[in-house]
Amino acid sequence: MSSNLNSTEKAPYVLVLGMGGTIAGLAPNPEENLLKYQAGQVGVGSLLAHIESAIPEGVKLVSQQLANINSRNLSEALLSLLGKTVKDSLAHSDVVGIVITHGTDTIEETGIFLQLTCGKYAQDLGKRVVITGAMLPANAPNADGPSNLLDAIRWASTPIDNCPGGIFATMGGRACMAMDLAKRHGTALNAPLQGSPSSSVGLINPSWLSGVKAVEAVWTEDFPIPGEGEWPWVEILTSHVGARPETVIQWLGSKVNGLILAGTGMGGFHDAWKAPLDQAISHGIALVRTSRTGAGSTRPDIPEKDSAGCMASGTLSAPRARIALQLSLNAAKQANMVGKPLTWQDFFARIANLPEIR
Ligand code: SIN
């Protein structure tokens, strides 16, 4: 479904893709309870109509509703559709930039997915893709969606100092690389950017910008977007007090392709997992270690030497590491099909070794 604002004269334009989320949510009793609401109720065309008078002069918008869901229900098939739509739209000479309205619960996964599949392409074209969302439903008295959406439209459409093309996000008056989104608070207004390296939307922080450029300098090739039915099966297991070997053993006879181990502290896991994880490797299951702490990095051979077949995630959180491993497994499979002897580790290392923005 697609709808146009300024349909009489629409090129060049910013494409606004609607995915749903709280930004498109409605609360039955907004004056009484803002925590009880349904995400994904309002169409993206209506969200834009609501802010039409504030849209910067000369900026034309075209909207397209890809989904209208609570993002906790986001599927891999929908990520494939989003990635393909972004890539195809970036290629269109009339599109100056892309904004995506998205639920914040899994915006972290979509952020890294778009960086790894479309980041280099957007950068080469000098176009910005900007994800945004909201923590309050659209009918809340102080809804944050309209200002977040306006910031995203400005970020996607206007020259900003010397900010390059790429995959970004805006929320709560701040901007970050979309791969740095991390919702680490259930209700705070700026939750997806809280604690992420970011800059004020109004006044670009030069050290953040040089971090963006450092990441973009080493991200030299996008990964292929898996087709709808091609996503490798990867699960996340969390190590904890009293962790049992059965948590790992149950996957040994399954078709699972990879496991993300959300370990304690620096990414260590319970000794009870050691033997079944060695078996998992011998079954051809890819392993990635990360930390359940939600911050910091997981380094190779710390706290213990890694087995061959298990990689440390660098700064990737468990949800991001999961997407990164899926894309790496898929990229290796595609490379092998054309005779290139590359492994998932070759691809994953490119992601885990990206520079950290401070
Ligand atoms: C969702 O992720 O769709 C609901 C929560 C939110 O957008 O903040």
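We use all heavy atoms of the structure for the numbers below, so side chains are in, but hydrogens, waters and symmetry mates are not. Start at 1 and go down the list; that is how both ligands and their atoms are numbered. Because the structure is predicted, anything quoted here is derived from the model rather than measured.
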So, S196 side chain and D180 main chain: donor-acceptor pair closer than 3.5 Å or not?
-> yes

Is any side-chain N of the basic residue among E108 and R184 closer than 4.0 Å to the acidic one's carboxylate O?
-> yes

Charged N-O contact under 4.0 Å between R322 and E76 = yes

Provide the full list of ring pair (Phe, Tyr, Trp, His ring centres under 6.0 Å) pairs with a residue in residues 100-138, sequence neighbours left out, each pair given once.
->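 Only F113-W231 qualify under ring pair (Phe, Tyr, Trp, His ring centres under 6.0 Å).
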
What ring pair (Phe, Tyr, Trp, His ring centres under 6.0 Å) pairs are there with at least one residue in residues 205-224, not counting sequence neighbours?
-> W219-F223, F223-F347

Between the protein and ligand 1, are there any N or O atom pairs that come within less than 3.5 Å of each other, and if so, what are their names and distances?
| residue | atom | partner | partner atom | Å |
| --- | --- | --- | --- | --- |
| ligand 1 | 2 (O) | S71 | OG | 2.6 |
| ligand 1 | 2 (O) | T104 | N | 3.2 |
| ligand 1 | 2 (O) | D105 | N | 2.9 |
| ligand 1 | 3 (O) | N70 | OD1 | 3.3 |
| ligand 1 | 3 (O) | S71 | N | 2.6 |
| ligand 1 | 7 (O) | T22 | N | 2.9 |
| ligand 1 | 7 (O) | T22 | OG1 | 2.9 |
| ligand 1 | 7 (O) | T104 | N | 2.9 |
| ligand 1 | 8 (O) | T22 | OG1 | 3.0 |
| ligand 1 | 8 (O) | T104 | OG1 | 2.5 |
| ligand 1 | 8 (O) | A134 | O | 3.2 |

Return a table of donor-acceptor pairs under 3.5 angstrom between the side chains of residues 90-101 and protein atoms on other chains or two or more places apart.
| residue | atom | partner | partner atom | Å |
| --- | --- | --- | --- | --- |
| H92 | ND1 | D94 | N | 3.3 |
| T101 | OG1 | L17 | O | 3.4 |

